[in-house]
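Structure record follows, encoded as structure tokens.
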Amino acid sequence: MSLVHSLAMPSSYKDLQYQGTTDQLSEELQTTSTLYVGNLSFYTTEEQIHELFSKTGEIKRIIMGLDRNQKTPCGFCFVEYFQREGALGCMKYLNGSKLDERMIRCDLDPGFREGRQYGRGRSGGQVRDEYRDEYDAGRGGWGHRVRDALNASKNSNDKRQRDDSEEPQEESSSKRAKENNPRFREDNEDEDEE
């Protein structure tokens, strides 16, 4: 038993939508050359990922994670290497490094399957962005729930302000019109002038 744990070991995360058994997942992780890369900025490009990740091995392809509804990047990707050693090297040397001012996470993946490139959140993006409470400019600003609550609050305040401001404007504008129009002057004012 070693005192130092290997940095090339996958995390304990298990994809809940994986279609096989735990044993099948373990077998696939022992032979895979695919990485899941998370915590990317929404503005990170495929070229930037290729530039960084090609330092550990020859890349077969990069699949950018997309918002299911808007088809825009949503902060993750899959990197497939030709050799498993490239993926393991990435886990050792790039996991926890910074790309676009964000600390990225790399983990072995059992292999890309069509449909996994889309976010699984209700809003179309990643689930973690649904529950995020803090503002993060690199991941689209506020989390979806906070953004929805802010928009609802803003809309109700706008409506309330319109309702409150419409009545006084009508009163003040009609009052001004009466004061400036000689037809609406009271008879007392005319008598004073004579």
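Computed from a prediction, not measured in an experiment: that's the story for all the values here.
- When all heavy atoms are compared, the tightest approach of Gly111 to Thr32 is N-OG1, 4.1 Å.
- When every heavy atom of Met91 is checked against every heavy atom of Leu108, the shortest pair comes out as SD-N, 3.5 Å.
- Judged by distance alone, the side chain of Asp100 and the main-chain N or O of Arg102 form no donor-acceptor pair under 3.5 Å.
- Neither side chain, Asp67 nor Thr72, offers a donor N or O lying under 3.5 Å from an acceptor on the other.
- Looking at heavy atoms from C-beta onward, Thr31 lies out of side-chain contact with Arg84 at the 4.5 angstrom threshold.
- Side chain of Asn39 to backbone of Met103: a donor-acceptor contact under 3.5 angstrom is found.
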Atom pairs and distances, side-chain donor-acceptor, residues 76-83, under 3.5 Å, sequence neighbours left out:
{"from": "Glu80", "atom 1": "OE1", "to": "Arg61", "atom 2": "NE", "distance (Å)": "2.8"}
{"from": "Glu80", "atom 1": "OE2", "to": "Arg61", "atom 2": "NH2", "distance (Å)": "3.4"}
{"from": "Tyr81", "atom 1": "OH", "to": "Phe53", "atom 2": "O", "distance (Å)": "2.8"}
{"from": "Tyr81", "atom 1": "OH", "to": "Thr56", "atom 2": "OG1", "distance (Å)": "3.1"}

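- Not one N or O on the side chain of Glu28 forms a donor-acceptor pair closer than 3.5 Å with the backbone of Leu25.
- Atom NZ of Lys98 has 12 or fewer heavy atoms from other residues, nucleotides or ligands within 6.0 Å.
- When all heavy atoms of Leu52 and Ser97 are compared, the pair lying nearest together is CD2-OG, 4.5 Å.
- Expressed to the nearest 0.5 Å, how far CG of Leu35 lies from CG of Leu94 amounts to 9.0 Å.
- In this structure a side-chain-to-backbone donor-acceptor pair under 3.5 Å is present from Ser26 to Thr22.
- Looking only at distances, a side-chain donor or acceptor of Asn95 sits under 3.5 Å from a matching main-chain atom of Cys106.
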